[in-house]
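Just so it is clear, the model here is predicted, and its values are computed rather than measured.
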Amino acid sequence: MGSRGQKRTETADELPADKRACSSLEFRPSSSNCSSIRTHLNSPNSIPDADMETSSSTSASSRSDGEHEKEDESTYGSCDSDDAEQQPRHHILRDYQRRRSSSDHGKLNTILSNLNEGNGGSGQLAALTELCEVLSFCNEDSLSSLMADSLSPVLVKLAKNESNANIMLLAIRGMTYLCDVYPRSSGFLVRHDAVPALCERLLAIEYVDVAEQCLQALEKISRDQPVACLQAGAIMAALNFIDFFSISVQRVALATVVNICKKLPLEGPAPFVEAVPKLCDLLQHEDQQLVESVATCLIKISERMCQSSELMEELCKHELINQVTLVMKSNSRTTISQPIYNGLIGLLVKLSSGSFVAFRSLYELNISNILKDVLSTYDLSHGISPPDLVDGNCNQVHEVLKLLNELLPASTGDQANQVVLDKESFLADHHDLLQRFGMDLFPVLVQVVNSGANIYVCYGCLSVISKLVVLSKPDMLGELLKTANIPSFLAGVFTRKDHHLLMLALQIAEIILKKLSDVFLSSFIKEGVFYVIDALLMPEKCSQLMLPVFGGIQPSFDSSQKSSAREFQRCLCYAFDMVPSSSVSSCKIDKDTVCNLAKHIKTNYFAPELVESEKGMTDVLQNLRTLSAALSSLINMPVDDGTTVQHEEKFYSILHQIMLKLNGREPVSTFEFIESGIVKSLMHYLSDGMHMRGNVEFTGSYDHLVVLGKRFEVFTKLFFSYSDILVEDLPLSILIQKLQSGLSTLENFPVIPSHGFKQRNSFATVPNGRCVMYPCFRVRFVRAEGENCLSDCAEDVLAVDPFSPLDAIEGYLWPKVFTERTEYGELDAEELEQREVLPNLLPSNANSTQAKSSGFIDSMSIDLPEMQEDEANFSQIASEQVHFRELNSGETMSLDETNMGSAGKEQEFPTESTKNMRTPCSASGDNDIKDSSARLLLYLEGHQLDRTLTLYQVILQQLLNSEKEFMTWAKLWSRVYMITYKRALESNQDDPQEHTYQERKFSVSDQKIASIQNMGYFASMFACKLTSDLDKSSPIYDILFLLKLLEGINKYSFHLMSCERVRAFAEGRNDNLDNLKVMVRSVSQNEFVSSRLTGKLEQQMQDAFTLSTGGMPSWCNGLVSSCPFLFSFEARCKYFRLAAFGPRRGQLNAISRSNSGTSSDRQTTSGGLPRKKFLVSRDQILDSATRMMDLHARHKGLLEVEYNEEVGTGLGPTLEFYTLVSHEFQKFGLGMWRGDHCSFITSTTLPTESVILRNSSGLFPRPCSPKSDANNGIQFSQVLKKFVLLGQIVAKAIQDGRVLDVSFSKAFYKLILGQDLSLYDIQSFDPELGRTLLEFQAIIVNQKRHQESICVENAALKQDLCFRNTRIEDLYLDFTLPGYPDYVLSSECNLKMVSIS
């Protein structure tokens, strides 16, 4: 080798310039005619090799520059492409191509004749040089099969000319160019023995540049002729001296090996085995691309050899297992891509399946530690692949579970082969390795199942757990089960709907009871496993259990299931089998298998006396049931005015006992907590059954409000009465933890992937008649029986957009089925024509928040023009809007976007201001518009469709509510759905009960304000619908609603405790005003967050397609709207951005907050959203902000700021602008904020007008007197304009993902949200004033209570009522707002002083 290298050095100076090696990175001849023509025309006089080496880079750089220019120009909207101008250019290029092809063909004939003449070395060298030049610029049209076949033997012959290195190099380079230009020429080269010649040159390697050119030629040939390369020994020829080449050439060599390994023959000799040692050594290379190529080769080789145990043993002899595990470790020096990592896991699966040596090596190398790290970072999105992909190597979690199942052998009697027997014998002799394996993986597997994994992942995890339990000895099993609460885990598995999971859970329970019956029998009873098994055998007991046990344990074996299995998925019994079955095998679980095993467990391990329900219950469960029954009976007991106090004391006593049991020495299991009925009793106690009603608004009486108010006060007094202990020890915190545990056990909300169906172009007839990029539902609309006012839909089966709101479907049907005839026929037709506009607009405006979350209100890439408020233009705007929807593939603008700020149009639609009590649940509030305008009721399989959902969500919800967990996607899209319709009954627009309630509320507000101050919030909470996925009778509904009430109580704990202190003062139980001061230690808001639901929502939001089309499950919008506290703040923010602004802007906001550079911001915005630059002045920030909002407030574009006479724009100046604006709004002299009790922070370097108003409790608006239009020279109209500007700035900051340095008080946020303020809210922004007013209220309530108890007015009583030993009259208070003497509270008492009367 040394002599060869020396020979090459001596002749280096003698060789011409074109003898240099051409690496894959320096030059790749492009088949694109355009780039080659451009380079050739630009440099006609350059030397051939220089031209060849620079052509690709030149065209690439010019193309890159052109792309950047295009991006920048399109970003600012300054340049558009003109298709008309491009047409002549294409014609010119085609004409040039024809002329060039004809010229190239003539040149090639001349070159071929010169090469055949054999005019000595110089003539051949010149001909080869010209050939390389021609081939580097011609395309496939310039060559023919005849020409390629003629050139191939000549080039092969010259490549063997060892006497002239220059001829060898150029001949091999000609082969490379020939294969690149005309790929079919590789077959001609193989036929003339080009591959053996190239391999011979590689093994001789006299010249490095010749060897490099040989590698490039082999890489081209191996693409189409891998078998010929394999038979000629190209693998070892490419790998033999690979270490002596550069990284780029090594990549070419391995690309050749990859091409060959991808097409290995299934039969015949295996010459590739000798390359395994070299490949194993290369696995530890530092280059990622190189390692991934090597890994691909080894994966393909293992697939070829997996049928033979001898070949698998041969692979393991070369340290393959050790090298692969080193690459897979998290701290490996080389990071590989996810598909390659999954492939390496699949390689270990095949090796461990067929080789005992691999099995033993994996245990000795502690593979469980690596797999534990993979599963601990388990992502729900890894486990939601469609069923037809489960058998492939596309999913990391499935590959890990396959490997775990192979590492835990399970013999099947006589069918067990020798490898399985050897594995079992090894584990029996090495208990320490098995115990380490189990201790690493058992808790992680339990965590994966509890995280809400899909049915395939659950089955894989349970099968591994089952094998661990079977293989472990009793002492080792006891240590293993200490790492997780296995009885509670099994009880949760029994709530699943699949008999495969039930069978595995029963097998695990049976083995545990067989080996450790004395240890786990009592815990199985305590955690409810016994009750679940009993309910499986006796389905009538399922209705008696609050735990939702799956009773449908009989697997179905009808023909439809078999056909669906053939098309869509394999049975779970075969999901993790190594050998894929081509035919559909029947399920391994017979009809009676589950029942027989459950009966066996009940008969052999549970005593007969446990079957009786009373003896089978634990003491904790019996005590909790007794307390629950006592609480329920006390709730139903009638109460008169004389026994109210005693009644409340009994409530307090029972609640106190419940909390002592929940926090007692003996722990309460999740099953005991759910089955005791405590949740239902507490719900009934706090809501008096109102959460089960279907009314939209709360219509309770005043007495009802008072009762509920007192119950909330008693509840708050108990749960917040401990101020000297840690927050996590509060009774409320204990109750929340129990509820969260029950929620994790019971909830089964699905994470639905978008790749459950193939994305393809289709035409949706309903509702808009447009092309979509996903399949459509096939629907037949049928008139309901007995419906005479509507006609039959003429069409047969229609293609319906699955993500269209039901309002849009109704808008399509209504004109076709409406046939009402009256004497005013023409007017009705005219009215119908006018009403046809609304269905196309309402879905985007009045649809539920789910429709917004689906991305229908995506970020628009155009600027919306300002709409006129003239009513005559409304129809035109509507029609233009409908046309816009049809042209933009699903992206729609809402009515608010097209007519923002139009006050005249707001009168045409019901608004939230017209409602007396607004429900905080956005789903309910938004649907009022649609419910009032519903004209058709739609039914699917007898169930009325929820108008807040899309058709896809409705059908998906019915599928998930079925008795199966399999998502048969193809059947979902192929079947025909029958939707019946009938006319909706007209609902009363004006509900008199609402006004009655308001009148009652205002009429009694002066009697006992303290009792109902906060009940409006809780009353609206009772009317809020959580999510359409849940039945109100289900236990999970009770848990969610109780969590919702507890979160409200925690939020309003100060209000409720203050109300209770005021009432105690009025009743004489407290005679000191100082005792009214309340110090409440609330529970942290993080304790209400469900990590399981947060993770599911995060995974669902990662699917951009479901977001953009509306394919998210209905529980996402339902729970985020009604129970936002269940999700983390980051998840809620992300969901809000995606729902309000669409996936593009939501992703942009997330990236812009993580990046701080201008360049990164430019890259993110160039993808789709337009940018608008605005010039501002630092000296006039508010004026600049006003002009900016006047011009761009209605636009969807991203705003960027640049300062006058300053250089720079982008993210930095824009963030500074929002900071400066927020500071400007907090300065004195604007007349916007209360400043009585604020501290002023000034800087000696700032002028006096730069004083910033700070308040530790946040800013609250300054009151403006209705009798004056100015205050201290500041016009109130100007103040209102500043608040409008502030609202626009805040909205734009939210839309663009910017941060404002301003702190608002909680009371101000309540005003923004349209919520009522109470007396207790004053303390949130003015503590002293709020405390004083609360003391005044306590005195007034005390006086009125005494007046009600004493029939005759007592004058002496008035004299005794004092404020801190001072008569009210002596305080000299007038009827003006404290701190604002110009604000008169009562015109009638303007000149009077405040007295006790």
Could you check if a side-chain atom of Val291 sits within less than 4.5 angstrom of a side-chain atom of Leu283, using non-hydrogen atoms only? yes
Rounded to the nearest 0.5 Å, what's the gap from CG on Asn342 to CG on Leu347? Could you check? 12.5 Å
Worked check of side chain to side chain contact (heavy atoms under 4.5 Å, CB included) between Ile486 and Phe520: CA-CA 9 Å; Ile486 191 67; Phe520 285 95; 3.8 Å; yes
Please examine the side chains of Val397 and Val448, heavy atoms only from C-beta on, and report whether any two atoms are closer than 4.5 Å. no
Return the CD to CG distance between Gln396 and Leu401, rounded to the nearest 0.5 Å. 10.5 Å
Qualifying residues under side chain to side chain contact (heavy atoms under 4.5 Å, CB included), relative to Glu274, sequence neighbours excluded: Met236
Does a side chain donor of either Ser741 or Thr670 reach within less than 3.5 Å of an acceptor in the other side chain? yes
Are the side chain of Arg1092 and the backbone N or O of Ser744 linked by a donor-acceptor pair below 3.5 Å? yes
Measuring only between side-chain heavy atoms, which start at C-beta, is Leu504 closer than 4.5 Å to Val493? no
Nearest heavy atoms of Tyr531 and Ile525, plus distance in Å: CE1-O, 3.5 Å
From Leu403 CG over to Leu408 CG, what is the distance, rounded to the nearest 0.5 angstrom? 9.5 Å
Can you say whether the rings of Phe356 and Phe426 are parallel (under 30°), tilted (30 to 60°) or perpendicular (over 60°)? perpendicular
Can you name the nearest heavy-atom pair linking Ser352 to Glu406, along with the distance? OG-CB, 3.6 Å
Flag for Ser463-Asn405: side-chain donor and acceptor within less than 3.5 Å: yes
Using modelled atom types and a 3.5 Å cut-off, is there a donor and acceptor pairing between side-chain atoms of Arg304 and backbone atoms of Pro265? yes
For residues Glu672 and Pro667, report the shortest heavy-atom separation together with the two atoms involved. OE1-O, 4.0 Å
Ignoring hydrogens and angles, tell me if any N or O in the side chain of Thr1094 forms a donor-acceptor pair with the backbone of Ser1091 under 3.5 Å. no
Donor-acceptor contact below 3.5 Å, side chain Ser425 vs main chain Leu421: no
Value for CD (Gln740) from OG1 (Thr745), rounded to nearest 0.5 Å, stands at 11.0 Å
Side chain to side chain contact (heavy atoms under 4.5 Å, CB included) partners for Met476, two or more places apart: Leu434, Gln435, Ser472
Mind checking whether Arg496 and Leu502 have side chains closer than 4.5 Å, heavy atoms only? no
To the nearest 0.5 angstrom, please state how far the CG atom of Leu279 sits from the CG atom of Leu320. 9.5 Å
Going through the distances and angles, do Val446 and Thr483 end up as a side chain to side chain contact (heavy atoms under 4.5 Å, CB included)? CA-CA 10 Å; Val446 172; Thr483 60; over 6 Å; no
Would a distance-only check, ignoring hydrogens and angles, find a side-chain to backbone donor-acceptor pair under 3.5 Å from Tyr459 to Leu501? no
Neighbour count above 12 (heavy atom, 6.0 Å) for Lys278 NZ: yes
Would you indicate whether the side-chain heavy atoms of Ile301 and Val273 approach each other to under 4.5 Å? no
Got a donor-acceptor contact below 3.5 angstrom from the Gln288 side chain to the Thr335 backbone? yes
Test item: Glu292 side-chain N/O and Ser337 main-chain N/O as donor-acceptor pair under 3.5 Å: yes
Do Thr495 and Asn748 touch side chain to side chain, with heavy atoms closer than 4.5 Å? no
Without hydrogens or angle criteria, can the side chains of His285 and Asp287 be said to hold a donor-acceptor pair below 3.5 Å? no
Between Leu264 and Lys300 the two heavy atoms that sit nearest each other are CD1-O, 4.1 Å
Say you draw a straight line from CD1 of Ile235 to CD1 of Ile260; how long is it, rounded to the nearest 0.5 Å? 4.5 Å
Taking the side chain as every heavy atom from C-beta outward, state whether Phe489 and Glu527 have any atom pair closer than 4.5 Å. no
Can a cation-pi geometry be assigned to Lys588 and Tyr574, taking NZ or CZ under 6.0 Å from the six-membered ring centre and within 45° of the ring axis? yes
Do Ser466 side-chain atoms and Leu462 backbone N/O form a donor-acceptor pair below 3.5 Å? no
Using the side chain to side chain contact (heavy atoms under 4.5 Å, CB included) rule, take Leu344 and Ile336 through it: C-alpha gap first, then chi angles, then the decisive distance, then the call. CA-CA 10 Å; Leu344 290 178; Ile336 57 179; 3.6 Å; yes
Check side chain to side chain contact (heavy atoms under 4.5 Å, CB included) between Ala255 and all other residues, then give those that pass, not counting sequence neighbours. Glu219
Heavy-atom side-chain contact between Arg436 and Tyr363 under 4.5 Å: no
Lys526 backbone acceptor or donor facing Ser669 side chain under 3.5 Å: yes
What orientation do Phe530 and Phe606 show, parallel under 30°, tilted 30 to 60°, or perpendicular over 60°? tilted
Which heavy atom of Ile345 sits nearest a heavy atom of Met328, and at what distance? CG1-CE, 3.6 Å
So, the side chain of Ser376 versus the backbone of Asp373: is there a donor-acceptor pair under 3.5 Å, distance only? yes
